[in-house]
Amino acid sequence: MKTPNKLLGQNFLKCRWVIDTLINTANLNMSDTVLEIGPGTGVLTQELLKKVKKVIAVEKDKSLIENLQKLAAKNPNLEIIEGDILTRLNFLKKNLGGQDTSYKVVANIPYYLTSRLLRQLLEEGPRPESIVITIQKEVGMRICAHPPKMSLLSLSVQVFGRPEIIKEVPPECFWPKPKVSSAILKIAGISDNFFQINNLSPSHFFKIAKIGFSQKRKFLLNNLAKGLGDKTLAKNILEKAGLDPKIRAEGLTPEKWAEIARLCA
């Protein structure tokens with residue numbers, strides 16, 4: 001087996017139950033198209049191929065491409081794309097499944113990609129129906145957090161879907177063993193309904209949310225006052241939203257953020 005590349009954040013899966021759990025959690029069927037990010041040695045890929053219409057696997061490591069192409073030669077429902085998912089994703093999303101852009105993400109991703117990858121998958125369409133990935137446990141817990149422990153990351157995911165930690169995965173299930181605990185994360189019900197219901201554009205919503213989370217130790221009032229350039233306006237906005245002026249950004253629900261964003265329009 002190829003030695004994992006630390007610079008690419010490679011930790012290859014070696015426990016069959018993790019692969020089975022990823023697949024079962026994704027509720028796959030033979031009409032599905034799956035985007036797999038970082039297929040590595042192809043252990044998950046081989047099992048996905050048995051369950052779905054098509055697998056599009058994106059691999060950055062050139063040294064792994066040859067074996068993956070051999071797998072593709074035996075499986076016409078597998079497409080291998082060499083490159084960095086962060087630079088190829090917009091193109092891929094427009095072409096997944098041809099005219100039918102419905103797809104699911106199932107992957108053992110390099111953990112350093114997590115925040116940027118989720119942002120790109122969720123913030124621009126076409127969005128996946130669901131995402132099932134291995135993730136650093138601590139990051140997964142942050143994504144699933146509720147007030148008063150919200151973060152910009154948890155807010156950014158929860159306005160698009162329902163995140164849930166399915167199962168913890170011990171370091172022994174990867175090679176090499178990571179120094180952190182892992183978990184399987186599912187994000188279900190992905191859509192832009194939150195923004196349609198609240199009559200908001202994602203760009204405006206996140207502009208205000210980023211202002212609110214700009215300095216974690218400060219009250220939301222101070223962050224809004226600085227970002228909007230007007231403390232009186234910031235006070236009025238919080239009053240209209242029925243919020244304590246001493247509340248911090250991590251104490252707001254997504255619905256309250258929507259109210260704040262509308263008042264800042």
Side-chain angles (χ1 to χ4, degrees), residues 2 8-10 12-110 113-114 116-135 157 160-163 166 184-192:
K2 176 191 175 293
L8 295 179
Q10 291 175 344
F12 299 139
L13 276 175
K14 49 184 277 194
C15 287
R16 177 57 189 253
W17 72 262
V18 179
I19 294 168
D20 290 343
T21 304
L22 284 165
I23 289 173
N24 292 335
T25 301
N27 297 317
L28 301 174
N29 60 66
M30 290 307 295
S31 65
D32 283 333
T33 294
V34 165
L35 174 61
E36 184 187 8
I37 297 145
T41 58
V43 291
L44 174 59
T45 315
Q46 293 180 65
E47 300 307 314
L48 287 170
L49 290 168
K50 301 172 186 178
K51 302 287 184 178
V52 301
K53 179 178 70 175
K54 185 172 185 179
V55 176
I56 300 174
V58 183
E59 179 56 61
K60 186 176 181 179
D61 189 344
K62 294 179 182 292
S63 66
L64 294 168
I65 293 296
E66 184 178 351
N67 282 335
L68 291 169
Q69 292 289 13
K70 288 179 181 177
L71 182 61
K74 298 176 183 178
N75 295 274
N77 60 331
L78 173 60
E79 180 180 355
I80 303 296
I81 295 178
E82 181 182 347
D84 184 338
I85 186 65
L86 296 178
T87 61
R88 299 298 301 276
L89 187 55
N90 285 341
F91 170 79
L92 282 171
K93 287 170 74 169
K94 292 175 182 176
N95 293 278
L96 280 164
Q99 292 183 347
D100 178 9
T101 54
S102 176
Y103 69 103
K104 297 177 179 179
V105 174
V106 185
N108 170 39
I109 66 169
L113 290 179
T114 304
R116 287 180 294 165
L117 178 61
L118 288 178
R119 188 168 67 248
Q120 286 193 28
L121 284 168
L122 295 172
E123 289 185 13
E124 295 183 15
R127 299 172 180 86
E129 292 179 44
S130 62
I131 298 172
V132 180
I133 55 174
T134 53
I135 192 171
V157 172
F160 287 110
R162 302 185 304 275
I166 302 299
I184 293 171
L185 176 78
K186 179 176 184 177
I187 306 173
I190 296 172
S191 74
D192 64 353

Carefully, step by step, assess L92 and I56 under the rule side-chain contact (heavy atoms from CB on, under 4.5 Å).
CA-CA 9 Å; L92 282 171; I56 300 174; 4.2 Å; yes
Under the side-chain contact (heavy atoms from CB on, under 4.5 Å) criterion, do V105 and V34 qualify, and how do the steps go?
CA-CA 6 Å; V105 174; V34 165; over 6 Å; no
Could you please spell out the steps behind the side-chain contact (heavy atoms from CB on, under 4.5 Å) verdict for V132 and L185?
CA-CA 6 Å; V132 180; L185 176 78; over 6 Å; no
Checking side-chain contact (heavy atoms from CB on, under 4.5 Å) for the pair V52/T33: CA distance, chi angles, key distance, verdict?
CA-CA 6 Å; V52 301; T33 294; over 6 Å; no
Dump the intermediate steps for salt bridge (charged side-chain N to carboxylate O under 4.0 Å, His left out) on K93 and E124, then the final yes or no.
CA-CA 9 Å; K93 287 170 74 169; E124 295 183 15; 5.8 Å; no
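A distance of 10.5 Å separates OG1 in T21 from CZ in R16, rounded to the nearest 0.5 Å. Note: L22 CG to I166 CD1 = 10.0 Å, rounded to the nearest 0.5 Å. How far OG1 of T87 is from CD of Q120: 8.5 Å, rounded to the nearest 0.5 Å. Atom CG in L35 sits 10.5 Å away from atom CD in E79 (nearest 0.5 Å). Expressed to the nearest 0.5 Å, how far CG of L113 lies from CD1 of I135 amounts to 11.0 Å. With values rounded to the nearest 0.5 angstrom, N108 atom CG is found 11.0 Å from I37 atom CD1.
Proximity of a side-chain donor or acceptor of N67 to a complementary backbone N or O of T41 within less than 3.5 Å is not detected. The closest donor-acceptor contact from the side chain of K186 to the backbone of T25 lies under 3.5 Å. Remark: the backbone N or O of I190 is not paired with any side-chain donor or acceptor of R127 at under 3.5 angstrom. Listed for the N29 side chain is a donor-acceptor partner under 3.5 Å among the backbone atoms of S31.
The pair D32-K53 does not count as a salt bridge, with every side-chain nitrogen at least 4.0 angstrom from each carboxylate oxygen. E82 has no carboxylate O lying under 4.0 Å from a charged side-chain N of K60, or vice versa, which leaves the two without a salt bridge. Ionic pairing of D84 and R88 is not present here: no N-O contact between side-chain nitrogen and carboxylate oxygen is shorter than 4.0 angstrom.
When side chains are defined from C-beta on, L117 counts as touching L121, because their heavy atoms get closer than 4.5 Å. No side-chain heavy atom of V106 sits less than 4.5 Å from a side-chain heavy atom of E36. Between I187 and L118, the closest side-chain pair of non-hydrogen atoms falls below 4.5 Å. Taking the side chain as every heavy atom from C-beta outward, L44 and P39 never approach each other to under 4.5 Å. Within the 4.5 Å cutoff, side-chain heavy atoms of L48 are placed close to those of I23. Counting heavy atoms from C-beta on, the side chains of K51 and E47 never come closer than 4.5 Å. Contact annotation: the side chain of P128 never approaches that of K104 to less than 4.5 Å [non-hydrogen atoms, C-beta and beyond]. The shortest side-chain heavy-atom distance between E129 and Y103 does not fall under the 4.5 Å cut-off.
The salt bridge (charged side-chain N to carboxylate O under 4.0 Å, His left out) search around E123 returns none, not counting sequence neighbours.
Closest non-hydrogen pair, G42 versus L71, comes out as O-CD2, 4.5 Å.
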